[in-house]
Amino acid sequence: MFAAVAVALFVTFALALIRAISGPTVFDRVLSLNVIGTKTILLIAVLGFATDRYDFIDIALVYAVLNLIGTIAVLRYLVGDKERS
Amino acid sequence: METLLMIGLLAALGALAVAIAFMDDLLVVTMLSGIFSFTCCAIFVLFDAPDVAFTEACVGAGVSTVLTLAAIRLTGRREKRVGRRASAVGLLVSTVCGLALVYGTLELPRFGDPAAPANLHVAPHYLNESAAEMGIPNVITSVLGAYRGYDTMGETVVVFTAALGVLLLLGGSQSRPLHRGDAPARADRDVILRSVATLFVPMTLFLAPYVQFHGAYSPGGGFQAGAILGGALILYGLVFGIDRLNRLVPERVLQVIAALGVLTYGGTGLVTLALGRNFLDYDALSAGPTGQQIGLTAIELGVFMTVTCVMTLLFQRFASRRSEP
């Protein structure tokens, strides 16, 4: 069960990674950064449940709380960039 | 299943590294580095190193992307083109270094080898005696804080020194005029962002002390808690404007607390010296595990103060600087 979920998550991760590397626009990459963040959170949580290590949840929790900071910073940068030019 | 996942994640790391090397848009490079950090974290979890993964999560998720972006805002988004000759030399040097590193790994013991020197010297003592000597279940915390207390003190001083370097380079303790991106006229924009941040900042503020004080039982401790609290303050600054962050926590206060953190750490060592034991030998504070726990709490508090203030200071100093035309 957990193995199937982990494989599915990894496939999603890989697809988002392809989008992140190939682009072409910055917004594709912002989205894929966010998707990969979410997939990592889920992957860590699944690994924690699969191996009975519940303290992995703490790591997932930190990502869940802090993940949006990077995205907001990138978008803020783009807004500033646009207003400057 | 874990082996397959590991192969997949390592392949992703390789692909990302090549992609980062070829990109010349630094904004894209920053985002790809963020993904690199996520992948590393997943790999650390697979290697069963939750404490390392936790640190990667705390620093990689919030602080590092923000600080890189802030630096790019000052320097420009495009990588400078270098001549063909310079890049050929660079390629040669990095290929030679890479081959030397690969050659070096041939002599290393295999992963998890019980006969490896790292697993024979002091590690058995840490693993077998930590519970009795420290009275806490998380061996990593007792290694970082007590057995290898010197090293952690060095790391705290390094963090503090990095902040000093940035403050001296970017100069001027007064905050400069706002750059256009953060104009107060934004107040009626970004309604969703503001509402989300109003919910998220307090939650993060709760998470930091949990990570700080639960570090004895689960991954966490002063450094991670500091990075989380710093991340919360940075989020506040990003959403509500650097001006409000400066009013909430003035740079001068942060500078003093950052220095006090290092002082708390070193001071704990001096107290144990004054009580007639070795530097950072917590047995001086009280016999048995109690003394160790008092010492650990004190130094983790010092690390927490320094890391929180340094993260926030760096962001403030970068963000309040007017970007180059």
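Values reported hereafter were calculated over all heavy atoms of this structure, with side chains retained and with hydrogens, waters and symmetry mates removed.
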Could you check whether A:Y63 and B:F38 have their ring centres less than 6.0 Å apart? yes
Find the distance between CD1 (A:I44) and CZ (B:F54) and round it off to the nearest 0.5 Å.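 Here the rounded value is 10.5 Å.
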To the nearest 0.5 Å, tell me how far A:K39 NZ sits from B:I35 CD1. 13.5 Å
Hey, which of [options] has the most heavy atom pairs under 4.5 Å with chain B?
options                    : answer
A:D55, A:L43, A:V7         : A:D55
A:V62, A:I72, A:T71, A:I41 : A:V62
A:N67, A:L17, A:I59        : A:I59

What part of A:Y54 lies closer than 4.5 angstrom to a heavy atom of chain B: side chain, backbone, both or neither? neither
Check each atom of A:A4 against the heavy atoms of chain B and say whether the ones under 4.5 Å are side chain, backbone, both or neither.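 For A:A4, neither part sits under 4.5 Å from chain B.
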Is it the side chain or the backbone of [X] that comes within 4.5 Å of chain A heavy atoms, both, or neither?
X     : answer
B:S37 : both
B:E2  : side chain
B:L69 : both

Any chance you could lay out the side chain to side chain contact (heavy atoms under 4.5 Å, CB included) test for A:T40 and B:T39, step after step, and finish with the verdict? CA-CA 7 Å; A:T40 314; B:T39 320; over 6 Å; no
Hey, are B:Y210 and A:D58 close enough side-chain-wise for a donor-acceptor pair under 3.5 Å? yes
Top of B:V211, B:D48, B:L32, B:V18 for chain A proximity - count of heavy-atom pairs under 4.5 angstrom: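 Among B:V211, B:D48, B:L32, B:V18, the one with the most close pairs to chain A is B:D48.
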Sort and list the pairs that fulfil salt bridge (Lys or Arg N to Asp or Glu O under 4.0 Å) and have at least one residue in residues 8-19 of chain A, not counting sequence neighbours.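 Qualifying pairs: none.
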